[in-house]
Amino acid sequence: MVDVSDAESPPDFDPVEPNAGEEFDPVDVFPDSTEFDLRPGSDSCYKCSTCDTNCPVAEVDDDFPGPKFQGPEQWRLKQNEDDYRVDDSVMDCSNCMRCDNACPSGVPLSQMHNTARGEYVAEEMSKTSVEYWRNRVLANYRTSAWLASKVPSVANFAMNFGPARWLMEKTMGITAEYEFPGFAAETFRDWWAREGAAAGSRERAREARERRGEDVDADKRVAYFHGCYSNYNTPEVGKAMVRVFEQFGYEVVVPEQGCSGTPMFANGMLPDARRHAEVNVSSMSDLVDQGYDAIASCTSCSMALRQEYPELFDIEGIEDVAAHTFESVEYLRIHEDLRGEIAEADVDGDLAAEFAYHAPCHARNQGLERQSVELFRDLDGVGIEDVGDSCSGISGTYGWKEEKHEKSMEIGEEMFEHMEAAEGTTGMTECPTCAMQMEHGTGYEIRHPLELLEAALVD
Amino acid sequence: MASAPHVAVIGGGSTGTGIARDLAMRGLDVTLVEQGNLTHGTTGRMHGLLHSGGRYAVSDQKSAEECIEENRVLREIASHCVEMTGGLFVKRPEDSEEYFREKLAGCRECGIPAEVVSAEEARAMEPHLAPDIDKAIRVPDGAVDPFRLVVANAASAQEHGARIETHSTVTDLLVENGEVVGLEIEHDSGTGKRVHGTVGGTEELRADYVVNATGAWAGRIGDMAGLDVEVRPSKGVMTVMNTRQVDTVINRCRPKGDADIVVPHETTCILGTTDEEVADPEDYPEEKWEVEKMLDTLTELVPMLAEARTIRSFWGVRPLYEPPDVGSENPTDITRDFFLLDHEERDDLPGMTSIVGGKFTTYRMMAEQISNHVCGKFGVDADCETAEVPLPGSEEFSVLRDYMDEFGLRSPIGRRSVERLGSRADEILTTDGPNPTVCSCEGVTRAEIQDAVDQSGSDLNAVRIRTRASMGNCQGGFCSHRMANELHGEYDAATVRKAWDELLQERWKGQRHALWGEQLSQAMLNYALHATTQNRDSDPADGAPVDFSAFDGGTSDTAGAVDAGIATDGGRDGD
Ligand SMILES: Cc1cc2nc3c(=O)[nH]c(=O)nc-3n(C[C@H](O)[C@H](O)[C@H](O)COP(=O)(O)OP(=O)(O)OC[C@H]3O[C@@H](n4cnc5c(N)ncnc54)[C@H](O)[C@@H]3O)c2cc1C
Ligand code: SF4
Ligand code: SF4
């Protein structure tokens, strides 16, 4: 039985001390497993280049050969030789996964990129290089966040302390441009424990069902995958998720969990990602067996559990977890009359605003890019405008890299312009790093759709 | 010493170019005449298996022994054309155990290294083998690129002074006083490199000796002097897959039969084959059932083939020969051995020998024997060196390099290029100008294309066989026009258009047999692209210079240049 307690899981490596790679065990990039065979994917490509025209990095970076090369082409050229090197340009892909969505022929481009990137990092990248450690630190954001959350006020000061930032940029290649995200005084999980955790939620959900005139014993149970960011940085999103779901009569549990792996995929750190995936899949699959669905408030987290896990890892229960994972608003749209309730509701206070909404690329890949706009345009007291289908440019860790930052801002330019042209001066998005970029580019405050749902529906 | 004897070799396949190289290295004066491109005949339409001899170890042990001997030689002298993949003879439960044992014993008798591997071991080597196989025999089969090997032989012959004439057809044998004294040749486009539109002409080529190495066509050359050379052409189909489902040659371990082998070849793998006698080596039916049979039968060995993408199919004709008194009913019973037919001894017609039968794998040995024979005629005492001296491109080279640092190429592209160019890579890939990728499926850059154009003139199919450009999954959809563009400058528009047309025709020819699933989508996309953006569906300009002003006058060049901010490509200036 899985541990549904809310214990903090400790970080599993110490980013300060490079181990020079002796203990590094490269992930098996499944040379002899037929399940992850990329041949059918390569067969599906007919070279139309639609993926290239949709790649935000290729648009601003003339040296980046684009998804068609990174994916099916490179795979086919190097298929038969074990000592064939993966081209280093795969490290310039931001893993926005827009190419996946663009391909008319279903080529699993991001799976190909992730596999190639994992191979590149395992076999070619020096494990003592600054780049490797910088990427590893960025990819293992959860570890730094865990440390910082112990003394949030010091961390908030230190992380944004000018000379320290300058040093980080010079020695680690982490750009000094962004404000480091603030660490909450109390993590989501601490708050959750204070609220009575699963038992408290069961109580509140029952009351809500009663209030709503539903069967009090109804089987409405979800397992919340909060991810790192809403735990350490934006617990208000996690709280909103819990309150909204409980409002609809769902019992929430918050199982033991690691990082979704998104930043690790983007940096080719597949062994790290796998370790976390094992934890996540094991806790989620036990819950799925018991009838829970897995809910994420971050679109990249839901993407990882749904698509990247089964594409990359062979872990018991992974397919089941993938099939039972949903983005939070998506889940309510499917199971509740969310539209109807929104139409009845209204919002006042600080969320009664005009929003400039940006759909994260990973939301787009799950077919969710229009849901916030379509829902909230019926909500009294607010206005919402889609700022277009461009990429924000930050793509998780991409924009944080000193050498990529300028390109990241160039990619984001279109979004910034559209935000500025939009009526509202408050931004909205599901993705925490898109939010960072939106704020960085426009100075707007950025909110999460769940916060607005909470304001509209939770009494 | 009198000037060296002049030998005319007919046929630019593996046999003919092998002979030309050998004779030229021994100091003879050689002219090679080929009606199409190099490899135009069977050599360009074979399976690409570098035989270990295993396939003949039961039925034809003499051939088997020759194969393993030459297999070892070619690994050394033609290293940039050969990939030592290894091979397996796979036994399925329904295949005969007795034959399996005969095969193993036969291999050992012929000196072919052979070991039995369990089903698990075989599947560890090749995970896509069917799960229910029994076991396999492992042998040193390999993959060989016939194009590269023949081009390298011809280049070596040229370095030793030979004259190589492609697109030149022998129309008659010159016979004087009961002796063959030369050839009548019809040049398609003058002598030397092919240039479309150049006026051809007839040439009488006098020679001290003629070697007929025309394979399946040998009978026709014989006819020109009233000789009976009973070649029995037999066709076989080969189907090219988009990727490599196997990295080892997979043979079915059973006596004989169609569709019993998969050979990995560069980025693809090739399924084969059938064996059907045909009357005419140039005109025979290419039938759908043959392709279906490949896929259906070989799926028993490699199940994933059933769902895999096929990019084309092609047919070749074996130049089988058997002495008239044997009279085999079935072409599969005809020996794969080769025969030297000295027409002086056989037909009282001095001046010519025909070489018939044989295999690609043993081409060098065949060439050595006939060269010995010819040298004997002229009392030339020179050793054969072709088993020791590497072919151009096969001198020492390494594929483990920093491609970006050295050549500015993405690593898989540089690697493929160096594998193709071998020891010539540095010379070809070190360029001053930009070196964009022209064919992205196979990773072929401008420098490699230009090198091929230098070798072969305005012939894009000749460029194709040298570089593999247009041989990948889009089958020329996205690179044919870029390849044609590489001819521009040196060749005028009309020449370029002809060459481009020929390439498209040739690419289409093989794709006709793969029009389902993904390749059908590909063909539709190619068609739409070529028709709508290149006017290739009906080109009013073919043959004549294009009158661009008839389409859209636009601004004239001089006016355009000063036009505020608008560049000639329609974009903003500086774009
Ligand atoms: C289906 C198939 C698969 C095969 N697979 C393999 C294999 O995997 N491994 C292997 O070792 N062997 C294989 N072989 C056998 C091998 O391909 C041939 O034995 C070999 O290529 C014959 O070469 P060649 O030079 O003798 O004949 P060709 O390559 O046919 O050369 C003869 C040349 O003469 C030219 N010619 C003809 N008439 C004239 C004329 N009048 N004027 C000028 N030129 C003329 C032709 O255009 C042709 O290019 C295969 C054969 C077939 C049919
Ligand atoms: S969009 Fe899909 S089919 Fe088109 S080139 Fe890219 S991967 Fe290939
Ligand atoms: S994931 Fe994004 S950045 Fe990477 S190749 Fe695809 S579209 Fe380009």
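Chain letters run A, B, ... following the sequence lines, proteins first and then strands; every chain starts at 1. In what follows, every heavy atom counts, from backbone to side chain, and hydrogens, waters and symmetry copies are set aside.
Donor-acceptor pairing under 3.5 Å is lacking for the side chains of A/N80 and B/D247. Side-chain N/O atoms of A/Y46 and B/R309 include no donor and acceptor closer than 3.5 Å.
Atoms CG and OG1, from A/D43 and B/T243 in turn, are 5.0 Å apart once rounded to the nearest 0.5 Å. For the atom pair B/S440 OG and A/E73 CD, the distance stands at 3.5 Å (nearest 0.5 Å).
Comparing A/R39, A/Q74, A/R76 by heavy-atom pairs within less than 4.5 Å of chain B, the highest count is held by A/R76. Counting heavy-atom pairs under 4.5 Å between each of B/R415, B/E266, B/E518, B/Q522 and chain A puts B/R415 at the top. Listed options A/Q79, A/K78, A/R85, A/K68 were ranked by heavy-atom pairs under 4.5 angstrom with chain B; first place goes to A/Q79.
In this structure, chain A has no heavy atom under 4.5 Å from any part of B/M241. Looking at B/E419, the atoms closer than 4.5 Å to chain A (heavy atoms on both sides) all sit in the side chain, from C-beta outward. Using a 4.5 Å cut-off between heavy atoms, B/E83 touches chain A through its side chain atoms alone. Contact annotation for B/Q245: both backbone and side-chain heavy atoms come within less than 4.5 Å of a heavy atom of chain A.
Few gaps surround CD on A/E413; more than 12 heavy atoms of other groups in view lie less than 6.0 Å from it. Annotation for B/E292: atom CD counts as buried by contact number, over 12 foreign heavy atoms lying within 6.0 Å. Within 6.0 Å of CZ in A/R364 there are more than 12 heavy atoms belonging to other residues, nucleotides or ligands. Counting non-hydrogen atoms of other residues, nucleotides and ligands closer than 6.0 Å to CE of B/M84 gives a total above 12. Crowding of B/E406 atom CD: a count of heavy atoms from other residues, nucleotides or ligands under 6.0 Å exceeding 12. Taking a 6.0 Å sphere around CD of B/E396, one finds it holds 12 or fewer heavy atoms contributed by other residues, nucleotides or ligands. The environment of CG in B/D402 is crowded: more than 12 heavy-atom neighbours from other residues, nucleotides or ligands sit within 6.0 Å.
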Test log, rule side chain to side chain contact (heavy atoms under 4.5 Å, CB included), inputs B/S411 and A/V86: CA-CA 7 Å; B/S411 77; A/V86 175; over 6 Å; no
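Of all non-hydrogen atoms in B/F478 and A/C48, the two that sit nearest each other are CZ-CA, 3.8 Å. For B/C441 against A/L77, the heavy-atom pair with the smallest separation is O-CD2, 3.4 Å.
With hydrogens and angles disregarded, a donor-acceptor distance shorter than 3.5 Å links the side chain of A/Y84 to the backbone of B/R416.
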